[in-house]
Structure formats: C-alpha cells, structure tokens
Amino acid sequence: MSINVKPAILTATDLCVEYGEQTVLDSASLSVHADDRIGLVGRNGAGKSTFLKIISGLLKPDSGSVAMQKDLVISFLPQEFTLDESKTVAENVRSGAARILNLISEYEKADPGSDYKHELSDKIMHYNGWDLERKIEMLISSLHAPEKERIVSTLSGGEKRRVALCRTLISEPDILILDEPTNHLDTGSIEWIENFLSDYHGACLFVTHDRYFLDRIANRIVEISEGQFYSHQGNYTDYLLNKTVRMQIKEVEERKRQNFLRRELEWVMTGPRARRTKSKSRLDRYYEIADAAKYEKELDVDLIIPPAEKAGSTILELTNISLRINDKVIMDDFTLNVTPKRKIGIVGNNGSGKTTFLKMLLNEKQPFKGKLTIGEKIVFNYVDQARLLLNDDDSVLKSISSGSDYINFGKERLPVWTYLRRFLFTDDRINTKVGKLSGGERSRLTLAKILMNGGNFLLLDEPTNDLDLPTLRVLEEAISGFEGNVFVVSHDRYFLNRVCDGIIAFEGGGKVYFSEGDYDYYLEKRNARSAGESKEVKEKKGDTRQRQQKKLTYKEQKEYDALEGEIISAEQDVSELEGIFASPEFYEKYGSQIKEMNDKLESAKLKVLRLYERWEELENKLRDDS
C-alpha cells in the first residue's frame with residue numbers, strides 16, 4: 001500500500017488530558033494530511049471525542065499543542081450539537097456556510113474590476129458559493145432532512161441531527177470532523193454520505209460504529225488505546241489484521257519480560273549473599289523492568305442474555321395486518337408466520353413505522369385490521385431506542401439492583417458486582433453517578449438493565465447506537481447464540497448481515513416486504529424487483545420459464561438455477577471468516593496462521609466475485625435475447 005507523502009495540514013504534538021485519576025491522552029501525537037480519510041476507533045472513554053474537540057478548538061489539552069496550516073477551515077459535527085431553535089431548517093443549514101457568505105459579502109463591497117474582487121470571485125467559485133441555495137436544497141433532500149421551512153423547535157432529535165449534519169457539510173471545509181455521523185440515518189442517507197465523502201476534496205476524520213462505512217471510506221485507521229495513537233494504513237479490515245499482529249508482538253514482549261524477571265529473581269534468591277551487593281547494576285536492571293508498565297490484555301464485554309424459556313409451537317403470527325399512524329398507512333395486508341429462534345431485522349427510512357410496529361406487538365398500538373396472534377408462552381423484552389430508562393442521580397449499582405447485592409437472572413441469583421463487571425464496569429465505575437457516564441457506558445448499562453429481565457422474544461430498537469466496535473461484536477455473538485426469537489430495528493448493515501436470517505422491510509406507501517436471508521440478500525432481491533427482473537416473479541410465469549430455456553442451453557439453465565444458492569453460501573463463508581478476524585480471541589487462536597487465514601478470506605471473496613460475474617453473464621444473455 002502506498003504511503004501518504006503529502007504534507008501535514010494539522011499536527012497534534014504530545015497531547016495530555018486527564019479527567020480525575022483517568023488519563024485519556026498520554027503525550028499522544030498525530031498528523032493529519034490533506035487527503036486523509038481517518039477512521040478514529042477505540043473503546044468508549046478512550047478519548048476519541050476528546051481528541052476531536054481539541055483539534056476543533058472546543059477543548060484545550062492539559063498540555064501539548066496543535067499546529068495547523070494557515071487559514072485552515074475545520075467543520076465539526078459533535079455527538080451533542082446545538083441549533084438555533086427559533087430558526088428554520090434552511091437558516092440553520094445556511095449558517096454553516098459562514099465563510100462562503102462572508103466572501104460573498106466582501107465581494108459585493110469590493111471595487112469593481114479590482115484584483116481583490118477577482119480574487120474573491122475565484123474563492124467563491126472554488127467553494128461553489130454562487131450555487132449555495134441549490135446546495136442547501138440538495139443536502140436537505142439527500143439526507144432526508146425535514147422541509148427547509150420547518151422551525152427547528154418542532155423537530156425530533158433524529159431530524160435535528162440531520163439538519164446539523166447538513167450544516168456541517170455545507171461549508172466544504174479543509175478538515176471535516178464527524179462524530180458518529182450515521183446515527184439516526186437510514187441506509188439510503190448513509191450510502192449518500194459515503195458517496196459524498198468518497199469524492200470529498202478535503203481531509204476527513206470520523207468516529208463511527210458502522211464497519212461498512214469504515215471499510216468503504218477510511219484510507220487510514222487510527223486507534224486510541226492506553227492514551228496513545230496507533231496508526232494503520234488502509235481500511236477497517238486492514239486495521240483488524242494489523243492490530244492482530246501488534247497484539248501478538250506485545251504478548252511476546254510481555255512473556256519475555258516475565259521470563260527475564262523470573263530468571264533474575266531466581267538468580268538473586270539462590271545465590272550467595274555477597275552476590276546481592278556486588279551485582280547492583282543487575283539488580284537495578286531487574287527493578288527497572290519490573291517497574292515498567294505491564295501489558296494488559298484488552299477486555300471485552302461478557303454480554304450475557306438470560307436463557308430463553310421454551311416458547312411453545314406458536315411464536316408470532318401476523319395475518320393480513322394493516323397499521324396506520326393517524327391517516328398514514330404504514331403497513332397494508334402484511335402476513336408473516338414467525339417460527340422459533342428466528343433473528344429478523346426490521347429496516348426502512350426514519351418515520352416509516354418500524355417502532356410503531358414493535359409497539360403493536362407490545363399491545364401499545366392496535367392494528368387497523370388483520371389478526372395478530374402471539375403464543376401463550378411468549379414473553380417480550382423491549383430494548384427501547386429512546387434510552388429513557390436511567391436516572392442520572394442513581395449510581396450504576398443502584399440503577400441495576402435498587403440497593404440489593406443480588407439480581408434475579410433468569411431462574412438464578414447473581415451478585416450484582418459480578419454481573420456489572422461482565423459489562424466492563426470496574427469497581428470504581430460501579431459507584432459512579434449515571435449522569436457522569438459516557439454515551440457508550442450509558443448504552444452498556446441500559447443493555448445490562450434490560451437484558452437481565454429475560455424474556456424469550458427480544459425486541460431491539462436501534463441497539464447499536466453509541467456502542468463501541470468491540471462491544472458491538474460481543475452483542476452480535478450474544479444475539480446469534482440466543483435460543484429465543486429476536487426482532488431488531490437497525491440501520492447498521494454489517495450488524496444486520498452478521499445477526500439476521502430474515503428482513504422485514506418498510507418500503508413506504510404501506511408496502512412491507514419479508515425477505516429470507518441477510519440484509520445484502522434483501523437488497524439484491526429488492527433491486528431485482530425494482531428492475532422488474534425478480535427471479536421469483538419470473539418463475540411464476542410459465543411462458544417466461546419457456547423463454548429462458550430457449551435462451552440458455554440446458555447446462556446453462558441448470559447452472560443459472562443453482563447460482564443463487566451458491567452465492568448465498570459463498571457470502572456466508574466470507575461473513576464467517578470476517579467474524580473470525582473480528583473476534584477478540586483471533587490472535588490467540590490463529591496467531592500463527594495469519595497469512596493462511598488472510599489468503600483464505602481473499603479466496604472466499606474472490607469466489608463470491610466470480611459467482612456474481614457468472615450470474616451477470618447469464619442474466620445479460622437472457623436480456624440480450626429478449
């Protein structure tokens with residue numbers, strides 16, 4: 001991979017930040033180059049948002065410095081942002097283009113024909129300033145933000161975030177900084193941002209839990225760990241491979257350190273007393289290495305879901321269900337029989353009715369018509385996306401246990417401290433007030449509080465928001481291993497592909513479709529359906545089948561019929577291998593096989609590519625002969 005040789009436009013040197021006894025940044029240094037697309041990763045609380053605020057000028061480090069190119073313009077979308085509540089959507093978005101508006105104002109005041117006026121005109125053209133109003137409308141439309149005349153005070157939290165994102169993007173800064181830009185966005189908007197950033201002329205730093213976003217956009221991954229920056233060229237997959245090697249090296253170094261200490265201690269303790277005074281330099285070396293910081297293996301959330309009680313033969317049946325929000329039809333004549341152990345993703349644009357659908361299952365919303373049958377032994381457990389279940393004044397301990405030393409966990413009783421440690425709450429954090437927790441810690445605590453309630457049918461509404469990547473992987477494994485049923489609303493494509501074996505898609509206008517398989521397979525079927533080329537539709541038409549047989553030879557037709565299943569199987573192989581690479585135990589189990597495993601993954605991806613190419617070849621032959 002080529003190394004970035006462009007000059008740095010921003011350099012952070014020896015940054016130190018401490019919060020009480022916690023060191024977030026410890027003499028950390030990092031440079032940003034003009035064409036960088038940096039994905040910033042690390043556990044919640046590692047210092048990602050702190051670093052973004054420092055280089056944005058919103059926070060001063062305890063020590064260290066940030067130097068940047070002259071006239072460098074930075075635009076920052078933080079997780080917690082503010083908008084002018086009294087103004088319209090368009091006015092708030094336009095306020096993000098202050099630099100362009102100032103240039104236009106100066107241009108209008110400058111002497112006609114002067115060099116300065118021409119210089120201003122060139123700058124305005126460089127930033128597409130003369131086309132500002134069209135850019136505002138394009139951003140609002142592309143990100144599905146509210147209508148530009150809407151007053152911000154009337155908007156929901158998700159709608160406000162879209163407006164804030166539009167405001168951040170409108171200025172086209174030299175460095176664009178985005179803290180969780182994909183939160184509360186539907187997949188169409190996420191894909192639009194991906195395309196926007198792929199063609200973006202400036203540098204970009206972003207924090208996200210969307211691993212497809214990281215893989216597609218990042219050309220460099222920077223991990224914050226133990227107060228330091230670790231830079232890896234390439235995308236998220238490259239980073240996982242590189243980190244595995246890095247962790248291996250650290251473990252080898254730690255084993256060498258421990259072996260040295262053991263040998264030296266034996267030498268001191270078993271030798272003559274005189275040796276202890278004559279070999280001071282050797283003892284000094286022993287104490288120097290003994291006092292060095294010990295490598296501590298990263299811990300992962302040990303996320304546990306209480307075992308699901310047997311649900312019986314009937315799980316959930318929806319028969320000709322129609323559902324409305326006021327006069328808007330969000331589901332029309334939808335039928336589905338949910339069988340045991342199914343993990344089904346629910347997707348669709350914001351406002352399409354996904355959460356309302358979950359509330360119908362909880363009997364909080366009645367269908368307009370149709371029959372809803374819930375098995376007698378079904379116990380729902382709803383993980384709510386609003387995250388309103390925590391009291392800021394309670395300690396972490398009290399919010400879980402209400403003061404008791406034990407919690408009921410399924411049919412067992414579990415010490416509350418043991419349970420919380422599984423969610424990475426150390427002893428000092430267990431007594432911390434909820435109001436002082438980070439966003440990620442609050443999410444972990446919410447999951448801990450709700451999941452301990454059990455149930456054999458989990459309803460998860462955007463469970464991935466604010467979770468760090470290691471915790472996301474553990475959540476995926478916990479859901480996959482859960483013996484009950486799961487409905488999960490999510491825009492995280494990677495998460496849906498890892499967890500789901502079916503997709504309920506709200507496509508608007510009351511149209512709701514169910515697709516077997518993961519999210520990528522649903523997209524394939526949707527695109528085929530949109531193009532009028534769905535294989536399912538063709539197979540229902542006997543004359544179409546006859547035309548196919550005429551266009552393809554018998555051997556080709558047999559191959560074509562089998563390709564769909566082969567593609568699904570090959571993609572599952574890729575997904576399983578990627579899951580192995582993402583596993584926290586990867587370097588322990590496969591540390592000596594990194595090259596072989598990488599070759600195996602590349603071979604699996606190549607097989608998928610070849611199958612798709614063959615499928616398209618046969619599809620084109622069918623179309624060409626029609």
Side-chain angles (χ1 to χ4, degrees), residues 75-77 81-101 104 124-173 176-202 204 206 208 210 212-213 216-217 325-326 328-330 347-355 462 491-493 505-511 523 526-527 530-531:
S75 187
F76 177 37
L77 174 68
F81 54 86
T82 57
L83 297 171
D84 190 326
E85 299 278 330
S86 65
K87 292 185 177 180
T88 65
V89 168
E91 287 171 332
N92 271 278
V93 175
R94 191 179 296 109
S95 68
R99 172 177 58 172
I100 296 172
L101 294 171
I104 293 174
I124 294 169
M125 290 182 66
H126 175 72
Y127 294 112
N128 298 316
W130 300 120
D131 208 12
L132 184 60
E133 294 306 314
R134 189 192 67 80
K135 282 172 60 180
I136 291 173
E137 292 184 359
M138 181 271 292
L139 282 171
I140 290 173
S141 173
S142 299
L143 294 176
H144 300 158
E147 295 83 356
K148 62 180 183 179
E149 297 83 9
R150 290 272 303 275
I151 301 298
V152 166
S153 61
T154 67
L155 305 181
S156 68
E159 289 173 326
K160 289 178 181 178
R161 185 163 187 82
R162 290 164 182 267
V163 175
L165 182 55
C166 291
R167 182 182 64 181
T168 304
L169 297 177
I170 193 69
S171 63
E172 298 190 24
L176 180 62
I177 301 176
L178 305 171
D179 198 351
E180 294 290 1
T182 63
N183 275 3
H184 305 292
L185 296 184
D186 54 60
T187 52
S189 298
I190 293 171
E191 289 168 4
W192 183 90
I193 294 178
E194 289 175 345
N195 292 329
F196 176 89
L197 292 179
S198 295
D199 298 329
Y200 190 65
H201 62 79
C204 180
F206 55 91
T208 182
D210 189 322
Y212 282 147
F213 192 91
R216 182 173 179 191
I217 301 303
I325 301 177
N326 298 324
K328 178 183 176 183
V329 177
I330 62 170
V347 302
N349 290 340
N350 290 331
S352 60
K354 304 183 297 295
T355 299
E462 295 289 1
H491 298 309
D492 188 325
R493 298 155 292 176
F506 286 73
E507 296 186 351
K511 295 180 180 178
L523 283 182
R526 186 193 69 181
N527 293 338
S530 299

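Any value given below was found using the heavy atoms of this structure, including those in side chains, with hydrogens, waters and symmetry copies removed.
Side-chain contact between Ser189 and His491: absent, with no pair of heavy atoms (C-beta onward) separated by less than 4.5 Å. At least one side-chain heavy atom of Phe76 sits under 4.5 Å from a side-chain heavy atom of Asp179. Residues Leu178 and Leu165 have side chains in contact (heavy-atom distance under 4.5 Å, counting atoms from C-beta outward). The shortest distance between side-chain heavy atoms of Leu132 and Ile170 falls below 4.5 Å. Within the 4.5 Å cutoff, the side chain of Arg94 has no heavy atoms near those of the Lys148 side chain. Using a 4.5 Å cut-off on side-chain heavy atoms (C-beta onward), Leu139 and Trp192 make contact. Between Ile151 and Ser86 there is no side-chain heavy-atom pair separated by less than 4.5 Å. Side-chain contact between Ile193 and Leu143 is present, with at least one heavy-atom pair separated by less than 4.5 Å.
The nearest pair of heavy atoms linking Ala164 to Leu77 is CB-CD1, 3.7 Å. The shortest heavy-atom contact between Val89 and Pro146 is CG1-O, 3.9 Å. Taking every heavy atom of both residues into account, Arg99 and Pro173 meet most closely at NH2-CA, 3.8 Å.
To the nearest 0.5 Å, atom CD1 of residue Ile217 and atom CZ of residue Phe196 are 11.0 Å apart. Atoms CD and SG, on Glu137 and Cys166 in that order, are 12.0 Å from each other to the nearest 0.5 Å. For the atom pair Ile124 CD1 and Asp131 CG, the distance stands at 13.0 Å (nearest 0.5 Å). Residue Thr182 holds its OG1 atom at 10.0 Å from CZ of Phe206, rounded to the nearest 0.5 Å. Atom-to-atom distance recorded for Glu133:CD and Met138:CE is 12.5 Å, nearest 0.5 angstrom. With rounding to the nearest 0.5 angstrom, the OH atom of Tyr212 is 12.5 Å from the CD1 atom of Ile190.
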Check your understanding: Is there a side-chain contact (heavy atoms from CB on, under 4.5 Å) between Phe81 and Lys160 once you walk through the steps?
Key -> CA-CA 9 Å; Phe81 54 86; Lys160 289 178 181 178; 4.0 Å; yes

Review point. Passes side-chain contact (heavy atoms from CB on, under 4.5 Å), Leu197 versus Leu176? Steps please.
Key: CA-CA 10 Å; Leu197 292 179; Leu176 180 62; 3.7 Å; yes

**Study point:** Criterion side-chain contact (heavy atoms from CB on, under 4.5 Å) on His144 and Asn349, from CA distance to verdict
**Key:** CA-CA 9 Å; His144 300 158; Asn349 290 340; 4.3 Å; yes

Check your understanding: Please walk me through it: do Glu191 and Arg493 pass side-chain contact (heavy atoms from CB on, under 4.5 Å)?
Key -> CA-CA 11 Å; Glu191 289 168 4; Arg493 298 155 292 176; 3.9 Å; yes

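Shown here is Met125, whose CE atom has no more than 12 heavy atoms of other residues, nucleotides or ligands within 6.0 Å.
In this structure, the salt bridge (Lys or Arg N to Asp or Glu O under 4.0 Å) partners of Arg216, at least two apart in sequence or on a different chain, are Glu194.
Side-chain atoms of Lys354 come within 3.5 Å of backbone atoms of Gly348 as a donor-acceptor pair (strictly under, hydrogens ignored). Of the possible donor and acceptor atoms, none in the side chain of Thr168 sits under 3.5 Å from a partner among the backbone N and O of Ser75.
Electrostatic pairing of Glu507 and Arg526 does not count as a salt bridge here, judged by no charged N lying under 4.0 Å from a carboxylate O.
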